[in-house]
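Only a predicted model underlies this, so the values are computations on that prediction, with no experimental measurement involved. Just follow the structure's listing: the first ligand is 1, and inside any ligand the first atom is 1.
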Amino acid sequence: MAIPADLLTNAKPIDPALPAHREWLSKLQGNILNGHGRDHTINLFVRLPADADSARTLLKALAPMVTSALRQEAERHDFKANGLPGRLFCNLLLTAHGLRALGVNADRLAKFTDLTVEGKTTLKATFLSGMAEDAVSDLADPDPAGWLFGGPGNPVDLLVLLGDDDVGELGRRGRDVKDRLEAADCEIAQVVRGSALRTDTGEGIEHFGYVDGRSQPLFLTSDFTGLAEDGSIDPATTQEAGGGGLNNWNPFASLGLVLKSDPLVDDDAAFGSLFVFRKLEQNVRGFTIEEQRLADSLGLKERDRERAGAMAVGRFRDGTPLVISEFDGASPPKENDFNYGVDVNAENRPAGRRCPLQAHIRKTNPRGDIRRRFGLPDDDAERSRRIVRRGIPFGSRNRHPNAFQALDDLPSDGVGLLFMCFQASIRHQFAFMQNSWVNANDFVTNGVGIDPVIGQGGSDPHRWQAAYGVDGAVVTHGFGGFVTMQGGDYFFAPSIPFLLNPD
Ligand code: HEM
């Protein structure tokens with residue numbers, strides 16, 4: 001049975017246990033509607049054999065490894081009910097280069113063309129051209145010629161993403177898959193390992209030491225409690241399953257934000273999703289020194305000093321959003337029920353007195369700033385840019401990021417984030433976000449500068465307010481350049497029917 005059309009557009013979380021959803025969920029790859037949750041991953045970037053028949057035979061042979069959305073849900077249920085860990089998780093993801101290597105015909109490829117009109121922007125980035133093609137012009141990336149993979153010197157067709165909590169088992173299974181790929185005349189362009197970093201209480205963090213992966217578009221009934229009787233969201237009673245109301249921010253997204261009807265098969269229950277992978281190296285030492293310099297520039301003392309880093313990120317290390325609290329330690333610390341309507345000037349325009357307009361999470365999810373800035377009637381267009389993040393850190397460290405460490409001992413390379421996200425349109429979502437929000441000097445208003453965490457390209461020096469929540473002295477201090485793009489590409493997560501029968 002196909003997805004009922006209203007679920008692609010309407011605000012009603014879906015219940016995977018309902019028989020009506022079984023068929024399309026069994027045809028959809030896992031990790032899209034909710035994260036696979038494994039703490040360790042191996043990502044094999046592969047070039048398929050030159051001969052299309054051999055490439056298709058290989059894909060068919062790998063397809064049974066893939067974890068469907070239905071199986072992921074069943075495993076999640078088993079884990080909650082009986083503590084049973086899930087099996088090896090697997091996604092198979094193909095670049096446009098890979099689809100061509102499989103011999104996919106031009107008519108089907110044309111269905112990936114993304115003609116969304118993006119106003120005045122010159123943005124070109126699309127799945128069909130690949131990330132490297134538009135990297136310099138649209139994403140302000142370093143020259144792809146120097147990328148570890150995905151650039152012209154080392155193109156990629158297929159990504160085999162394997163995940164498991166048992167790092168030894170993952171290593172063995174990863175080696176088996178690599179052997180199979182090499183035996184089938186594939187070339188391994190790159191192997192990248194990911195490993196979750198967690199706080200004492202189990203929260204996932206990234207290498208700069210901040211809680212990550214908190215704010216996500218949510219799709220499933222299990223992501224919420226207290227839904228209305230007909231299964232829809234009632235802001236008066238509904239909460240996020242992890243805690244926190246929905247009065248100021250509604251994280252729900254309809255399936256149309258992340259799913260695309262699979263152009264590769266004639267099956268109206270077959271869906272896929274567009275996927276972005278970027279290996280982003282983090283200079284932890286540089287970032288931490290800059291946090292201290294900013295705290296000095298702002299004259300912040302003692303407990304207040306933590307605010308400098310929070311001003312770059314938009315949340316404190318424990319996840320407390322800066323816009324709702326001057327200090328960390330909010331309860332719940334990872335609050336997500338907030339927007340920036342409390343941080344406006346007398347004309348109701350975004351002000352940045354509590355949370356700077358350049359802060360990473362305000363740039364990447366303005367939570368109504370666009371409506372307030374341009375006097376729009378609603379947030380629909382802004383919310384349609386959201387992405388479903390599935391990143392995991394890479395690289396090992398001597399000490400946990402939250403343990404005390406001398407600045408000189410912090411890593412300046414070799415660690416970072418394997419940034420990953422799913423969406424219905426790369427051009428409309430990730431590429432627009434990176435190009436027109438993150439890297440845009442004048443977003444959300446003139447002279448804000450680029451995102452201090454991931455912004456690339458030129459920036460006005462950032463302006464920071466020393467006092468919290470009131471108009472006061474403004475300090476000019478450039479902050480950025482601590483995240484470096486090392487390689488990546490655009491992928492499609494095809495439906496399982498295509499993978500089983502790519503002929
Ligand atoms: C949120 C760090 C790359 C988009 C966050 C948060 C942190 C963080 C600490 C707050 C936790 C949360 O709300 O989940 C980083 C680091 C990165 C990185 C260290 C690179 C090394 C990116 C990229 C994008 C991105 C490349 C997209 C272009 C987002 C979005 C949110 C977020 C959309 C959620 C904002 C919200 O809904 O409030 N990131 N991030 N991030 N990040 Fe990143």
Engineer: For atom 24 (C) of ligand 1, what's the nearest protein heavy-atom neighbour? Residue, atom name and distance, please.
Structural biologist: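 I find the closest protein heavy atom is Phe419 CE1, 3.3 Å.
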Engineer: Please write down residue, atom name and distance for the protein heavy atom closest to atom 11 (C) of ligand 1.
Structural biologist: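 Of the protein heavy atoms, Val211 O, 3.3 Å lies nearest.
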Engineer: Heavy atoms only, cut-off 4.0 Å: how does Arg367 contact ligand 1, side chain, backbone, both, or neither?
Structural biologist: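 For Arg367, only side-chain atoms sit under 4.0 Å from ligand 1.
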Engineer: Looking only at protein heavy atoms, identify the closest one to atom 4 (C) of ligand 1 and say how far it is in Å.
Structural biologist: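 Nearest protein contact, heavy atoms only, for atom 4 (C) of ligand 1 is Thr364 CG2, 3.6 Å.
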Engineer: Can Phe252 and Leu218 be said to form a side-chain contact (heavy atoms from CB on, under 4.5 Å), step by step?
Structural biologist: CA-CA 5 Å; Phe252 174 74; Leu218 303 178; 5.6 Å; no
Engineer: Around atom 19 (C) of ligand 1, find the nearest protein heavy atom and jot down its residue, atom name and distance.
Structural biologist: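 Closest protein heavy atom to atom 19 (C) of ligand 1: Glu206 OE1, 3.3 Å.
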Engineer: Kindly confirm or rule out an N or O of Asn365 lying under 3.5 angstrom from an N or O of ligand 1.
Structural biologist: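 Yes - when backbone and side-chain N and O of Asn365 are compared with those of ligand 1, one distance drops under 3.5 Å.
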Engineer: Can you report which non-hydrogen protein atom sits closest to atom 6 (C) of ligand 1, along with the distance?
Structural biologist: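 It is Asp212 OD1, 3.4 Å.
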Engineer: Counting only heavy atoms closer than 4.0 Å, does ligand 1 sit against the backbone of Arg278, its side chain, both, or neither?
Structural biologist: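 No part of Arg278 is near ligand 1 at this cut-off.
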Engineer: Looking only at protein heavy atoms, which one is nearest to atom 42 (N) of ligand 1, and how far off is it?
Structural biologist: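 For this ligand atom, the closest protein heavy atom is His360 NE2, 2.9 Å.
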Engineer: Quick one: does Gly213 get an N or O within less than 3.5 Å of an N or O on ligand 1?
Structural biologist: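 Right, the criterion is met.
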Engineer: Please state which protein non-hydrogen atom is closest to atom 20 (C) of ligand 1 and give its distance, to 0.1 Å?
Structural biologist: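 Atom 20 (C) of ligand 1 sits closest to the protein heavy atom Ile454 CG2, 3.6 Å.
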Engineer: Minimum distance, heavy atoms only, to atom 21 (C) of ligand 1: which one of Gln282, Arg317, Arg315 is it?
Structural biologist: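 When every heavy atom of Gln282, Arg317, Arg315 is considered, Gln282 comes closest to atom 21 (C) of ligand 1.
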Engineer: Which one of Arg385, Arg214, Arg389 has a non-hydrogen atom at the shortest distance from atom 5 (C) of ligand 1?
Structural biologist: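 Checking each option, the heavy atom nearest atom 5 (C) of ligand 1 is found in Arg389.
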